There are 2 protein chains.
Amino acid sequence: MSGRDWRPRYVQVAEDLRERIASGELASGSVLPGELELAERYHLSRTSVRNAIRQLREWGLVRVERGRGTYVRAPRERVTRYNAERYQWEKDRVRKSEEERRSTGGVEFDTGLTVADLTFHAEYGELRADEDLAGAFGAPVGTRLLRRVYWTRPGTDTAPLSLARSYLPYDLAARNPELLDAGNEPWPGGTQHQLATVGVEVDRIEERVTARPPLPDEADRLDVEPGVSVLAVRRVSLDVEGRVVEVVDAVYPGDRIELVYPIQLRRWNGAGERWS
Amino acid sequence: MSGRDWRPRYVQVAEDLRERIASGELASGSVLPGELELAERYHLSRTSVRNAIRQLREWGLVRVERGRGTYVRAPRERVTRYNAERYQWEKDRVRKSEEERRSTGGVEFDTGLTVADLTFHAEYGELRADEDLAGAFGAPVGTRLLRRVYWTRPGTDTAPLSLARSYLPYDLAARNPELLDAGNEPWPGGTQHQLATVGVEVDRIEERVTARPPLPDEADRLDVEPGVSVLAVRRVSLDVEGRVVEVVDAVYPGDRIELVYPIQLRRWNGAGERWS
DNA sequence: GAGTGGTCTAGACCACTGT
DNA sequence: CAGTGGTCTAGACCACTCC
């Protein structure tokens with residue numbers, strides 16, 4: 001370094017380590033030197049080194065494991081989700097044969113993987129709508145809901161790609177008792193097919209996207225460092241009569257997922273140069 | 001507290017302060033006691049108190065100002081952006097009179113505010129496409145681009161709602177020299193009208209949404225604490241011939257913005273109960 | 001038992017803000 | 001000037017992992 005560097009020392013250390021990771025000197029998967037050793041090397045206290053490491057965690061560059069060490073993360077490839085196309089694809093699939101439906105699920109749509117490569121988890125439960133959910137359903141507080149929790153991940157990876165809480169009106173789901181049994185998951189054809197078995201055609205889906213730091217349990221399950229961001233998506237499905245038939249709160253690791261939304265505008269159709 | 005609380009002390013302090021803020025005991029806008037005083041009150045070291053305050057910052061509950069103090073944030077109302085409707089509305093407006101266009105801009109569409117209530121900033125510059133932008137435009141690296149930086153905020157608030165970098169192919173923009181002059185901003189009618197003056201009809205817009213921690217300068221400008229998340233949106237506009245006519249990289253404070261995307265599915269149209 | 005990261009202490013000096 | 005938050009030190013004890 002030539003001249004003074006006025007940034008705090010711990011920022012300089014973080015920068016230095018960042019460069020070493022980027023250059024491959026610290027290969028992904030390898031262990032960083034222990035905090036005491038880093039402190040010695042950089043002539044700093046352990047506290048300052050820890051501050052530097054906190055930066056690296058927030059940047060998503062390292063993963064810290066208690067009692068073991070600090071590891072360089074594999075550069076994460078982003079998975080791109082085309083939700084609009086995906087839901088249409090799921091809807092089209094509802095009317096295909098069970099065999100066809102069984103062969104692929106929604107995650108494969110994103111990743112190209114087959115069912116065998118995926119770890120899938122589902123938990124079912126019951127719930128009374130709180131104010132928030134009641135508002136989403138346009139139903140009274142206390143309405144009985146079927147609550148389902150999912151997480152999916154590519155079998156090769158250790159990191160789930162999504163964590164989703166789905167809510168269905170209990171009375172609606174109960175029309176087909178099979179829908180109340182978590183043992184039937186993964187359901188061939190997905191939620192839209194499940195809804196179809198009780199006579200519901202999904203017509204319109206609205207996604208509300210926000211970003212926030214992960215809650216502690218989400219950080220665990222999605223394997224994101226606390227301090228990294230997650231995308232929180234609330235997905236509301238409406239049937240052809242405009243009734244809310246499902247509400248999903250999904251959480252994605254912000255650094256591994258990219259959500260793509262296409263917006264088609266109406267054409268002017270040969271109106272020529274009418275602008276002023 | 002009854003029984004042992006095994007969480008770290010600083011987490012307990014953060015929780016305690018969180019509850020005091022939620023209950024209104026610490027009103028929004030008010031100053032927290034200094035770190036030394038908090039340390040004394042909780043019988044902790046200043047370091048531990050600082051850890052607690054770091055949590056509150058990540059939760060977006062307090063804002064820290066150096067040399068002044070730590071302030072309780074106003075609970076942030078979320079602004080909801082309906083981008084699909086918004087772009088259609090902007091497109092429709094292209095063919096309205098200049099007077100009509102002049103009266104409202106895009107931000108008002110979201111907030112209901114009028115132009116007078118808004119602070120608007122634009123900077124123009126030139127740029128050669130790097131690999132990333134060249135890929136987005138489907139053009140060679142080094143292609144000349146017009147680069148425009150915007151930020152907007154409600155005049156009453158101190159916090160910008162968005163920070164956007166827009167890129168246009170320079171040769172396209174140069175067909176109307178007025179488009180090269182930042183002095184013409186805010187342009188009545190927005191980008192779609194600007195493009196219309198050089199003969200472009202925008203047909204399709206694609207938004208790619210990700211989440212990440214803010215860069216230091218973004219944290220400054222958007223007034224989010226470092227550690228809080230931002231929504232990063234890349235918006236690509238295509239004209240009726242499928243050419244990329246604009247690329248925008250927009251950043252929104254994740255805790256103040258909600259992006260809504262409607263997804264309309266094709267109807268089955270009286271096909272009846274064909275599911276198996 | 002040795003090594004790791006997580007928490008915590010009791011100091012210190014600094015730059016910045018207000019009066 | 002006094003008070004604030006930002007950085008930094010040189011220790012300490014703990015729970016956890018691995019051998």
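Only a predicted model underlies this, so the values are computations on that prediction, with no experimental measurement involved. Any value given below was found using the heavy atoms of this structure, including those in side chains, with hydrogens, waters and symmetry copies removed. Chain naming here is simple, since letters A, B, ... match the order of the sequence lines and numbering starts at 1 in each.
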Listed nucleotide nearest any side-chain atom of Ser45(A), set dT7(D), dT9(D), dT9(C):
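My answer, after comparing the listed nucleotides, is dT9(D).
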Between dG5(C), dC8(D), dT9(C), which nucleotide gets closest to the side-chain atoms of Leu44(A)?
dC8(D)
Pick one: which of Leu61(B), Leu32(B), Val31(B) meets side-chain contact (heavy atoms from CB on, under 4.5 Å) with Leu26(B)?
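The residue from Leu61(B), Leu32(B), Val31(B) that satisfies side-chain contact (heavy atoms from CB on, under 4.5 Å) with Leu26(B) turns out to be Leu32(B).
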Short side-chain N/O contact from Tyr10(B) to OP1 or OP2 of dT7(C), under 4.0 Å
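So the side-chain polar atoms of Tyr10(B) do come within 4.0 Å of the phosphate oxygens OP1 or OP2 of dT7(C), strictly under.
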Side-chain N or O of Thr70(B) closer than 4.0 Å to phosphate OP1/OP2 of dT4(D)
no
Is it the case that the side chain of Ser162(B) and the backbone of Ala164(B) share a donor-acceptor pair, with hydrogens and angles ignored and the cut-off at 3.5 Å?
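No; zero donor-acceptor contacts below 3.5 Å.
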In whole angstrom, give the distance that lies between atom [atom1] of [X] and atom [atom2] of [N].
X: Leu56(B); N: dG5(D); atom1: CG; atom2: P; result: 13 Å
X: Asn51(A); N: dG5(D); atom1: CG; atom2: P; result: 17 Å
X: Glu65(A); N: dG6(C); atom1: CD; atom2: P; result: 11 Å
X: Glu37(B); N: dT4(D); atom1: CD; atom2: C1'; result: 12 Å
X: Arg57(A); N: dG5(C); atom1: CZ; atom2: P; result: 11 Å
X: Arg50(A); N: dA10(D); atom1: CZ; atom2: P; result: 17 Å
X: Glu40(A); N: dT9(D); atom1: CD; atom2: C1'; result: 15 Å
X: Glu225(A); N: dG5(C); atom1: CD; atom2: C1'; result: 12 Å

Base-paired stems that DNA chain C participates in, counting runs of 3 or more Watson-Crick or G-U pairs under 3.5 Å:
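As far as DNA chain C goes, consecutive pairing (with distances under 3.5 Å) yields the stems C:1-17 with D:2-18.
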Looking only at heavy atoms, what is the nearest atom pair of [X] and [Y], with distance?
X: Thr210(A); Y: Ile257(B); value: CG2-O, 3.5 Å
X: Arg9(A); Y: His43(A); value: NH2-O, 3.8 Å
X: Arg212(B); Y: Ala232(B); value: NE-CB, 4.0 Å

May I ask you to say whether Arg208(B) pairs ionically with Glu258(A), meaning some side-chain N is under 4.0 Å from a carboxylate O?
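Counted as a salt bridge, because a side-chain N and a carboxylate O are separated by less than 4.0 Å.
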Parallel, tilted or perpendicular: ring planes of Tyr261(A) versus Tyr261(B), cut at 30 and 60 degrees:
parallel
Could you tell me whether [X] contacts a base, only the sugar-phosphate backbone, or nothing, with contacts defined as non-hydrogen atoms closer than 4.0 Å?
X: Arg7(B); result: nothing
X: Arg54(B); result: nothing
X: Arg9(A); result: sugar-phosphate

In this structure, are over 12 heavy atoms from other groups packed under 6.0 Å from Glu131(B) atom CD?
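Check fails, neighbour count at 12 or below.
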Glu40(B) atom CD, over 12 foreign heavy atoms within 6.0 Å:
no
Nucleotide by nucleotide, 5' to 3', does protein get under 4.0 Å of the base (B), only the sugar-phosphate (S), or neither (-) in nucleotides 11-19 of chain C, counting heavy atoms?
-B--SBSS-
In this structure, which one of Arg234(A), Arg165(A), Arg235(A) forms a side chain to side chain donor-acceptor pair (under 3.5 Å) with Asp249(A)?
Arg234(A)
